[in-house]
Amino acid sequence: MSDKVANLFSSQAYAYLAEKMAGTSDALFSLCPGEFEHKLFPDGENYYRLLNSKEILNRPAVYVAGTIDDAAILELYNICSALVMEQCSSLHIVIPYFGYSTMERSTKRGEVVIAKNIARLLSSIPRSANGNFIYMMDLHSLGTQYYFEGSVRPVHLTAEPVVARMLSDIGPDIVLATADMGRAKWVQKMSGRLGLDSAYIMKQRLSGTHTEVTALNANVSGRRVVIYDDMIRSGSSIINAARAYKDAGAAEVYVAVVHGVFIDGALQRMQDSGLISGVRCTNSHPRACQKDATGFLQVYDISPVLLSGLEISN
């Protein structure tokens with residue numbers, strides 16, 4: 001047992017990931033599960049109370065919660081503020097999936113940059129004695145980490161070791177591909193590090209939900225293509241890209257993604273398209289943990305990445 005001990009809390013939605021983190025035996029520190037009471041008053045207002053508050057005193061506190069909706073963001077703020085008020089020695093906020101990640105800048109006058117506002121809100125959490133740390137993984141826009149203010153320390157982690165395992169499990173002689181040119185440099189760097197060929201497509205956005213592929217730059221005939229992206233929401237771009245690679249002669253198309261958001265039956269649509277042989281993703285988002293008896297979706301655990309990134313000292 002390590003002599004470094006931290007209290008581990010999580011939102012209800014991320015209890016599954018906190019449990020995996022606590023159960024990892026090779027961590028450089030031990031994580032002691034913490035609890036808080038939550039109930040709703042008849043008027044809809046929330047009540048929170050940290051349990052075993054004496055154990056929080058002078059210990060690091062870890063809170064795992066994605067900013068997956070407005071309620072989760074507010075709960076994160078309330079619980080983390082309370083942990084500091086109970087005098088945790090340091091505060092470590094783990095955000096496996098940073099919601100509102102595509103709203104990181106305005107393109108029209110008057111648009112609200114919600115990603116920046118979330119960063120400002122979390123920056124205003126009272127500072128613990130040894131500082132506040134915020135850990136995020138594979139942000140859609142790397143610039144988001146620079147929105148945090150004051151003394152809070154943002155730490156950007158990558159699931160690349162897990163993605164490399166996904167690709168290895170899919171099989172040899174693959175082509176790492178993009179769903180659009182927006183991720184071309186990202187895919188090029190990844191394929192270079194892993195010694196893989198890469199392919200890119202260009203697309204034209206016709207509306208908020210529809211895109212059209214206009215060009216493809218590589219010969220994928222007879223080869224296994226893996227479309228690699230940071231996240232899947234509706235899946236429409238992935239399906240369009242898979243169709244383009246199939247039309248170009250790809251033998252099989254797989255998808256490897258970090259954040260499986262999977263809104264509005266996205267996973268089922270991808271499977272029903274008949275274009276995609278399988279989807280591989282991490283468990284950074286609760287929706288990625290849905291049951292799939294067919295094996296079309298395979299989920300990989302990112303708790304070792306999160307644990308290795310924590311900068312905890314007693």
Side-chain angles (χ1 to χ4, degrees), residues 7-22 33-51 53 56 61-86 88 91-104 111-126 132-141 144-145 147-149 152 154 230-234 258-267 281-290 299 302-303 306:
N7 290 307
L8 176 65
F9 296 83
S10 76
S11 66
Q12 184 174 346
Y14 276 87
Y16 71 94
L17 194 50
E19 184 177 348
K20 286 184 177 293
M21 291 173 67
E35 294 181 299
F36 61 88
E37 180 185 359
H38 173 227
K39 60 185 179 182
L40 283 173
F41 290 111
D43 60 1
E45 293 184 349
N46 289 281
Y47 170 89
Y48 296 103
R49 176 174 174 255
L50 295 175
L51 305 177
S53 58
I56 297 170
V62 178
Y63 184 75
V64 184
T67 56
I68 55 176
D69 54 39
D70 293 348
I73 295 166
L74 189 56
E75 179 178 276
L76 189 161
Y77 182 86
N78 282 322
I79 297 300
C80 289
S81 295
L83 288 169
V84 175
M85 297 309 292
E86 292 293 338
C88 63
L91 176 64
H92 304 264
I93 305 172
V94 179
I95 304 177
Y97 172 73
F98 193 90
Y100 290 102
S101 58
T102 57
M103 302 178 71
E104 87 290 357
E111 285 185 333
V112 180
V113 184
I114 298 181
K116 189 170 188 176
N117 289 338
I118 293 172
R120 285 173 169 162
L121 178 68
L122 301 186
S123 297
S124 71
I125 292 171
N132 295 359
F133 301 77
I134 295 181
Y135 305 84
M136 297 159 289
M137 192 176 71
D138 287 312
L139 289 165
H140 186 73
S141 173
T144 301
Q145 61 191 307
Y147 286 153
F148 292 88
E149 302 172 344
V152 64
D230 65 317
M231 68 176 171
I232 296 176
R233 290 191 292 194
S234 70
V258 178
H259 307 297
V261 182
F262 301 137
I263 61 172
D264 301 329
L267 192 66
C281 74
T282 78
N283 58 352
S284 68
H285 195 289
R287 287 200 195 100
C289 300
Q290 58 189 282
V299 181
I302 44 88
S303 60
L306 301 176

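Just so you know, these numbers come straight off a predicted model, no measurement behind them.
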**Q** More than 12 non-hydrogen atoms from neighbouring residues, nucleotides or ligands closer than 6.0 Å to CD on Glu149, yes or no?
**A** yes
**Q** So, do Ile125 and Ile93 sit near enough that their side-chain heavy atoms are less than 4.5 Å apart?
**A** yes
**Q** Is the backbone of Asn283 close enough, under 3.5 Å, to the side chain of Tyr16 for a donor and an acceptor to pair up by distance?
**A** yes
**Q** Nearest 0.5 Å, please: how far is CZ in Arg233 from OG1 in Thr102?
**A** 4.0 Å
**Q** Could you grab the distance from atom CD1 of Ile134 to atom CG of Leu76, nearest 0.5 Å is fine?
**A** 7.5 Å
**Q** Is there a side-chain contact between Leu17 and Val94 in this structure, where contact means two heavy atoms from C-beta onward sitting under 4.5 Å apart?
**A** no
**Q** Which heavy atom of Ala22 sits nearest to which heavy atom of Leu8, and what is that distance?
**A**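 For Ala22 and Leu8, the tightest heavy-atom pair comes out as CB-CD2, 3.8 Å.
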**Q** Hey, could you give me the CG/SG distance between Leu122 and Cys80, rounded to the nearest 0.5 Å?
**A** 8.0 Å
**Q** Name all residues meeting the side-chain contact (heavy atoms from CB on, under 4.5 Å) criterion together with Gln145; count only those two or more places apart in sequence or in a different chain, and write none if there are none.
**A** Met136, Leu139, Leu142, Pro154, His156
**Q** Please test Thr282 against Met137 for side chain to side chain contact (heavy atoms under 4.5 Å, CB included), starting from the C-alpha separation and ending with a verdict.
**A** CA-CA 11 Å; Thr282 78; Met137 192 176 71; 4.3 Å; yes
**Q** Looking only at non-hydrogen atoms, find the nearest pair between Asn46 and Phe41 and report the distance.
**A**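 Heavy atoms of Asn46 and Phe41 come nearest at O-CE1, 4.1 Å.
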**Q** Between the side chain of Ser53 and the main-chain N/O of Leu50, is any donor-acceptor distance below 3.5 Å?
**A**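 It does not hold such a pair.
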**Q** Which of these passes side chain to side chain contact (heavy atoms under 4.5 Å, CB included) with Ile73: Asn78, Ile114, Leu121?
**A**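 It is Leu121; the other options fail the test.
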**Q** Tell me the closest heavy-atom pair linking Thr144 and Ala115, and the distance in Å.
**A**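 Distance-wise, the nearest heavy atoms are CG2-CB, 4.4 Å.
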**Q** Between Ser10 and Met21, is any pair of side-chain heavy atoms under 4.5 Å apart?
**A** no
**Q** So which atom in Ala119 and which in Ser123 form the shortest heavy-atom distance, rounded to 0.1 Å?
**A**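 Nearest heavy atoms, Ala119 then Ser123: O-OG, 2.7 Å.
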**Q** Please find the pair of heavy atoms, one from Gly66 and one from Ala72, that lie closest to each other, and give the distance.
**A** O-CB, 3.6 Å
**Q** Evaluate the side-chain proximity of Asn7 to Val62: yes if any heavy-atom separation is below 4.5 Å, no if none is.
**A**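 No, every pair of side-chain atoms sits at 4.5 Å or beyond.
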**Q** Side chains of Arg287 and Ile68: does their closest heavy-atom pair fall under 4.5 Å?
**A**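 No, side chains not in contact.
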**Q** Treating His92 as the side-chain partner and Tyr135 as the backbone partner, does any N or O pair qualify as donor plus acceptor under 3.5 Å?
**A** no
**Q** Is there a donor-acceptor contact under 3.5 Å from the side chain of Tyr97 to the main chain of Val261?
**A**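 The answer is no, because no donor-acceptor pair under 3.5 Å joins these two groups.
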**Q** Can you measure from OG (Ser284) to CG (Asp230) and round to the nearest 0.5 angstrom?
**A** 10.0 Å
**Q** Do Pro96 and Val64 come close enough that some side-chain heavy atom pair is under 4.5 Å?
**A**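 Result yes, sub-4.5 Å side-chain heavy-atom pair found.
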**Q** Considering only heavy atoms from C-beta outward, does the side chain of Tyr48 approach that of Glu75 to under 4.5 Å?
**A** yes
**Q** Could you give the distance from OG (Ser141) to CD (Glu104), rounded to the nearest 0.5 Å?
**A** 4.0 Å
**Q** Determine yes or no for a side-chain-to-main-chain donor-acceptor pair under 3.5 angstrom, with His259 supplying the side chain and Asp138 the backbone.
**A**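 Checked: pair present.
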**Q** OH of Tyr14 to OH of Tyr63: how many Å apart, nearest 0.5 Å?
**A** 11.0 Å
**Q** Are Met103 and Val112 side-chain neighbours, meaning at least one heavy-atom pair lies under 4.5 Å?
**A** no
**Q** Going through the distances and angles, do Thr67 and Tyr100 end up as a side chain to side chain contact (heavy atoms under 4.5 Å, CB included)?
**A** CA-CA 8 Å; Thr67 56; Tyr100 290 102; 5.7 Å; no
**Q** Between Phe262 and Cys281, what is the shortest heavy-atom contact and its length?
**A** CE1-SG, 4.0 Å
